[in-house]
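As a basis for the values below, the full set of heavy atoms in this structure was taken, side chains included, without hydrogen atoms, waters or symmetry mates. The sequence lines fix the lettering, A, B, ..., with proteins before strands; numbering per chain opens at 1.
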Protein chains: 2
Amino acid sequence: MHTIGTLARRTGTKVQTIRYYEQIGLMPEPGRTEGGQRRYGDVDLDRLAFIRHSRQLGFPLEAIRELLDLSDHPARDCGAADSIARRQLREVETRIARLQALRSELERMIGECRGGTASECRVLEVLRDHSECLADDHDAIG
Amino acid sequence: MHTIGTLARRTGTKVQTIRYYEQIGLMPEPGRTEGGQRRYGDVDLDRLAFIRHSRQLGFPLEAIRELLDLSDHPARDCGAADSIARRQLREVETRIARLQALRSELERMIGECRGGTASECRVLEVLRDHSECLADDHDAIG
DNA sequence: CTTGAACCTATAGTTGCTGTAGCTCTTATC
DNA sequence: GATAAGAGCTACAGCAACTATAGGTTCAAG
Ligand SMILES: [Zn+2]
Ligand SMILES: [Zn+2]
Ligand SMILES: [Zn+2]
Ligand SMILES: [Zn+2]
């Protein structure tokens, strides 16, 4: 039997985060002591490790919910798990592409600034006027 | 004189977002009609375009606040603007590196799954056990 | 003068936590 | 058995940066 603090330490999770996962139904309601403190078993430890590792790989909690559900039903077809992972891969690829475009714009504007006053600053000029950019689109803010 | 809707259309911003920027002090409180509706000038349009373009380049609102302030004081030295941009570049580079690491883990686990039941799924196996990963760290969740 | 689009405020929800206040419980030591 | 530290408890507020909704008012065209 583990306390919430032990689970936290063993998985690198904040205690509040574990309670949050319980609140949104990702972690089960564990047993309690007479005094009302949570006590977990090894199954819970594994489940939390699964959640945390999935988060480290960037999966959103809703995807993790589905992945846990599949993991809980070993006889089901794994197609759903694979398609969630592929969706996540596409998401990561999209973000990389967007960030690479941002990187070149940033490099360019930094490289072009020769210092001086704000009125002469190339960085500020570019920010004022998107037509100074090479890319003709960098939507999808974030 | 422009309505808030015109500003929104011309800059690709939601109307609520403009009001939000006003609330947090990024956009000035504009003049109002007798009936209480906001009316903007061209200066406001330019300011909003600056904000939106900066957001598209990934700058956080607090950085944009400083950039706007510099842009409003043309005689100041531009060093601060450049260092904000360089910080943003470093941030983007960090994120790219992290996402590239995630991409290879995802590619690998997807590539290794041969289908079948959830109990045999390579994707789920890797999620259960980080030691199946090549990287020995992928912290910094998000 | 009517209609309907666009505006207004205020508030709640999004994602995934994190931090705080003000308690209570557990456990080790004496 | 008493005490005190550390860990746990609930409940709520806050972060970033919006987005959505409800329920009402104003503007401008016809
Ligand atoms: Zn400069
Ligand atoms: Zn641009
Ligand atoms: Zn599979
Ligand atoms: Zn891993």
Side-chain angles (χ1 to χ4, degrees), chain A residues 1-27 29-40 44 48 50-68 87-88 91 95 98 139-142, chain B residues 1-27 29-40 44 48 50-68 87-88 91-92 95 98 138-142:
Chain A
M1 282 302 176
H2 315 289
T3 64
I4 198 170
T6 306
L7 241 71
R9 218 173 331 101
R10 300 260 293 261
T11 59
T13 314
K14 294 253 157 72
V15 166
Q16 298 103 302
T17 305
I18 300 174
R19 291 197 280 246
Y20 169 70
Y21 288 159
E22 179 183 329
Q23 209 181 305
I24 64 170
L26 263 194
M27 285 293 285
E29 290 185 26
R32 300 268 185 155
T33 62
E34 296 248 317
Q37 297 195 357
R38 292 168 177 83
R39 289 297 181 268
Y40 295 94
D44 301 312
L48 182 56
F50 185 107
I51 294 172
R52 285 269 105 188
H53 194 215
S54 303
R55 286 294 296 129
Q56 290 182 321
L57 288 161
F59 289 93
L61 294 179
E62 280 317 299
I64 296 171
R65 204 187 285 279
E66 296 180 54
L67 290 166
L68 279 167
R87 199 200 311 150
Q88 175 62 14
E91 177 67 34
R95 276 195 241 166
R98 224 171 51 71
D139 22 41
I141 287 177
Chain B
M1 283 301 175
H2 315 289
T3 64
I4 197 170
T6 306
L7 242 69
R9 219 173 331 101
R10 300 259 294 257
T11 60
T13 313
K14 294 252 156 73
V15 165
Q16 297 103 302
T17 304
I18 300 174
R19 291 196 281 245
Y20 168 70
Y21 288 158
E22 179 182 329
Q23 210 180 305
I24 64 170
L26 264 194
M27 286 292 286
E29 290 185 24
R32 302 267 184 155
T33 61
E34 296 249 318
Q37 297 196 356
R38 291 167 177 83
R39 289 296 181 268
Y40 294 95
D44 302 311
L48 182 55
F50 185 107
I51 295 171
R52 285 270 105 187
H53 195 214
S54 304
R55 286 293 298 130
Q56 291 182 321
L57 288 160
F59 288 93
L61 294 179
E62 279 319 298
I64 296 171
R65 205 186 286 278
E66 296 181 54
L67 291 166
L68 279 167
R87 199 200 311 149
Q88 175 63 15
E91 177 67 34
V92 166
R95 275 196 241 164
R98 224 170 53 69
H138 25 222
D139 21 43
I141 286 176

Exercise. Out of D:dC9, D:dA20, C:dC17, which has the shortest distance to the side chain of B:K14?
Worked result: D:dA20

For this session: Ignoring backbone atoms, test whether A:R19 places a side-chain nitrogen or oxygen under 4.0 Å from the OP1 or OP2 oxygen of D:dC12.
Result: no

Seminar exercise, completed: Comparing B:T6 with A:E62, nearest DNA chain C nucleotide closer to 5' gives the residue B:T6

Exercise. Nearest nucleotide by nearest heavy atom, which residue falls closer to the 5' end of DNA chain D, B:T33 or A:R39?
Worked result: A:R39

Exercise. Is the closest basic N to carboxylate O distance between A:E91 and A:R87 below 4.0 Å?
Worked result: no

Exercise. CD of A:Q37 versus C1' of C:dC25: gap in Å, rounded?
Worked result: 5 Å

Seminar exercise, completed: When rounded to the nearest 0.5 Å, the distance separating CE of A:M1 from CG of A:D44 is 8.5 Å

For this session: Verify the contact: side-chain N or O of B:R55 to OP1 or OP2 of D:dA16, cut-off strictly under 4.0 Å; return yes or no.
Result: no

For this session: Return yes if some donor-acceptor pair links the side-chain N/O of A:Q37 with the main-chain N/O of A:T3 below 3.5 Å, else return no.
Result: no

For this session: For C:dC17, take OP1 and OP2 only and decide whether either is under 4.0 Å from a side-chain N or O of A:Y21.
Result: yes

Exercise. Base, sugar-phosphate alone, or nothing: which one does A:R32 contact when heavy atoms must sit under 4.0 Å apart?
Worked result: sugar-phosphate

For this session: May I have the distance from B:I18 (atom CD1) to D:dA17 (atom P), rounded to whole angstrom?
Result: 17 Å

Exercise. Between A:R65 and A:E62, is the closest basic N to carboxylate O distance under 4.0 Å?
Worked result: yes

Exercise. Can you tell me how far C1' of C:dT24 sits from CD of A:E34, to the nearest Å?
Worked result: 15 Å

For this session: Indicate, with a heavy-atom threshold strictly under 4.0 Å, whether B:R38 touches base, sugar-phosphate, or nothing.
Result: sugar-phosphate

Exercise. Tell me: OH of A:Y20 to C1' of D:dA11, nearest whole Å?
Worked result: 16 Å

For this session: Would you indicate what B:I4 reaches in the nucleic acid, counting non-hydrogen atoms under 4.0 angstrom: base, sugar-phosphate, or nothing?
Result: sugar-phosphate

Exercise. Between A:T3 and D:dG8, is there a side-chain N or O to OP1/OP2 distance below 4.0 Å?
Worked result: yes

For this session: Please tell me if the side chains of A:I18 and A:Y40 come closer than 4.5 Å, counting only heavy atoms from C-beta onward.
Result: yes

Problem set entry | N/O donor-acceptor pair, side chain B:Q16 with base D:dA20, under 3.5 angstrom | yes

For this session: Let me know the distance between CD of B:Q23 and P of C:dT9, rounded to the nearest Å.
Result: 10 Å

Exercise. D:dA17 P sits how many Å from B:F59 CZ, rounded?
Worked result: 13 Å

Exercise. If you pin B:G35 and B:L61 to their nearest nucleotides in DNA chain D, which one's is more 5'?
Worked result: B:L61

Exercise. Could you state the CG-C1' distance from A:L26 to C:dT15, rounded to the nearest angstrom?
Worked result: 12 Å

Problem set entry | From C:dC17, C:dT26, D:dC18, nucleotide with atom closest to B:R52 side chain | D:dC18

Problem set entry | Protein-nucleotide distance (A:Y40, atom OH; D:dG8, atom C1'), rounded to Å | 11 Å

Problem set entry | Nearest-0.5 Å distance, CD1 of residue A:I64 to CZ of residue A:R55 | 5.5 Å

